[in-house]
2 protein chains.
Amino acid sequence: MIRVLLADDEAMIRSALAALLRLEDDIEIVAECADGEEAVAEAIRLQPDVCLLDLEMPGLDGVEVAARLRRALPTRCVVVTRHARPGVLRRALASGVAGFLPKSRDAEEVAEVIRRVAAGGRYVDPEVAADALSDERCPLTGRELDVLRAGRRGETTAQIARALSLAPGTVRNHVSAVLGKLGLESRQQAVILAEERGWI
Amino acid sequence: MIRVLLADDEAMIRSALAALLRLEDDIEIVAECADGEEAVAEAIRLQPDVCLLDLEMPGLDGVEVAARLRRALPTRCVVVTRHARPGVLRRALASGVAGFLPKSRDAEEVAEVIRRVAAGGRYVDPEVAADALSDERCPLTGRELDVLRAGRRGETTAQIARALSLAPGTVRNHVSAVLGKLGLESRQQAVILAEERGWI
DNA sequence: ATAGGCCCATGACAGATGTCACCCGTGCGA
DNA sequence: TCGCACGGGTGACATCTGTCATGGGCCTAT
């Protein structure tokens with residue numbers, strides 16, 4: 001029996017997946033969690049064989065949960081995501097995730113991936129993997145990414161500067177570098193692009 | 001037997017819901033569609049009793065599909081959405097949608113809502129309905145919303161002005177009015193808020 | 001009719017944003 | 001050791017963005 005923990009902030013997909021997986025003879029759902037913190041706590045308490053984690057969750061996201069669990073448990077993690085970008089996959093693999101599956105795949109495949117991962121294997125969606133190989137690495141530096149992250153919600157440069165303890169001019173300079181590298185015209189466009197590519 | 005058409009661009013949730021609904025004795029899934037255009041075409045061809053439509057789909061969204069079907073068929077529509085904002089509910093009800101359910105509800109409730117709607121009833125998620133009653137209408141004018149829509153992806157004011165055939169100054173003026181009404185500091189913040197509230 | 005209320009449009013002004021040239025410290029190869 | 005490429009930081013400058021005062025068109029109530 002493979003003991004599985006399920007975490008997704010959207011109740012509809014969480015409960016639907018749970019119901020489907022319960023139909024499988026060799027899989028047992030031991031917990032259903034609505035956010036990352038809960039998933040970490042329950043995983044430590046219940047020691048499941050596999051954790052199926054949504055990437056987009058409030059607070060701790062799926063990759064962060066996997067990173068924390070790796071340091072504490074032998075549990076193997078599968079991350080499921082709506083936007084399967086190469087950058088996200090890289091981040092996931094670096095955090096020790098054993099399986100990576102976009103939500104554009106059928107629910108039927110989930111059970112199969114869980115079995116493979118429980119058996120010690122790895123599974124990465126072939127389509128995403130191909131993308132990740134063809135597309136090059138993020139061209140932005142750490143500080144540049146910090147600036148974009150701090151400006152995610154349309155914050156003003158002054159607010160970003162305060163948040164990072166920088167002079168406003170420095171923030172503007174980083175932004176300028178980003179726009180030059182990406183060929184864009186405004187900080188907001190850069191934020192949107194970076195989010196789409198999974199860089200932030 | 002209730003004949004149901006299912007439309008959601010995310011294969012995982014679409015197939016999971018389909019599998020769950022197939023377990024119900026009185027429900028038959030007659031079509032699974034991945035976008036709005038396909039949903040309209042299949043609904044006209046198959047004449048299902050109920051259409052279960054995701055709101056967020058590329059091309060035609062769930063409410064637009066419902067609006068088109070209302071003019072062509074006696075089918076009753078249920079709209080399911082990730083972000084259940086009062087503005088969206090209003091838009092949905094105005095388009096003749098018979099059921100409205102956020103994805104934060106359990107998948108088990110979907111079958112129940114389908115039955116109720118097929119029987120001629122209406123169903124609106126109580127929590128969203130309460131929000132819609134308590135919260136006031138969008139304070140922005142049509143042109144102001146146009147400007148926000150045209151600036152959704154971080155476009156520059158010059159680009160927005162060209163897109164709407166306006167002088168740049170006019171665009172800035174609309175933006176200024178929006179920021180005043182909403183108490184914000186940048187156009188991008190306004191775009192984010194308007195998206196969250198379902199105004200655009 | 002007309003006065004008042006809107007939504008929309010516009011241009012002049014001030015402040016925020018992005019560009020540029022420059023400096024500092026670090027790590028790497030010649 | 002030196003040169004130098006690179007990430008990071010900074011302030012002056014030009015451009016873009018948001019503010020404000022203003023005017024026109026269209027409704028509605030008086």
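The figures that follow rest on heavy atoms only: side chains count, while hydrogens, waters and symmetry mates do not. Just so it is clear: chains get the letters A, B, ... in the order the sequence lines come, proteins before strands, and each one is counted from 1.
- Between the CG atom of B:Leu140 and the P atom of C:dC6 there is a distance of 16 Å, rounded to whole Å.
- In this structure, the side chain to side chain contact (heavy atoms under 4.5 Å, CB included) partners of B:Gln47, at least two apart in sequence or on a different chain, are B:Leu73.
- Look at CG on B:Asp146: it is 14 Å from C1' on C:dA9, rounded to the nearest Å.
- Rounded to an integer number of Å, the gap from A:Leu164 CG to D:dT10 C1' is 15 Å.
- For B:Arg115, the side-chain hydrogen bond (donor to acceptor under 3.5 Å, both in side chains) partners are B:Glu24, B:Asp26, B:Glu112, not counting sequence neighbours.
- Here D:dG18 presents its P atom at 11 Å from CG of B:Leu148, a figure rounded to the nearest Å.
- Atom CZ of B:Arg68 is surrounded by 12 or fewer heavy atoms from other residues, nucleotides or ligands within 6.0 Å.
- Note on B:Ser186: every side-chain N or O is 4.0 Å or more away from OP1 and OP2 of C:dA16.
- What separates CZ of A:Arg162 from P of C:dA16 is a distance of 11 Å, to the nearest Å.
- Look at A:Thr141 and you'll find a side-chain N or O under 4.0 angstrom from OP1 or OP2 of D:dG8.
- Look at CD on A:Glu185: it is 11 Å from P on C:dG18, rounded to the nearest Å.
- Electrostatic pairing of A:Glu32 and A:Arg22 counts as a salt bridge here, judged by a charged N lying under 4.0 Å from a carboxylate O.
- Atom CD in B:Gln188 sits about 15 Å away from atom C1' in D:dC16, given to the nearest Å.
- For the pair B:Thr141 and B:Leu145, the minimum side-chain heavy-atom distance is 4.5 Å or more.
- Between B:Lys103 and B:Asp8 there is a salt bridge, with a side-chain nitrogen of the basic residue lying less than 4.0 Å from a carboxylate oxygen of the acidic one.
- At a non-hydrogen distance threshold of 4.0 Å, A:Arg172, A:Asn173, A:Val175, A:Ser176, A:Leu179 from residues 166-184 of chain A come into contact with DNA chain C.
- The separation between A:Arg187 atom CZ and D:dT17 atom C1' is 12 Å, rounded to whole Å.
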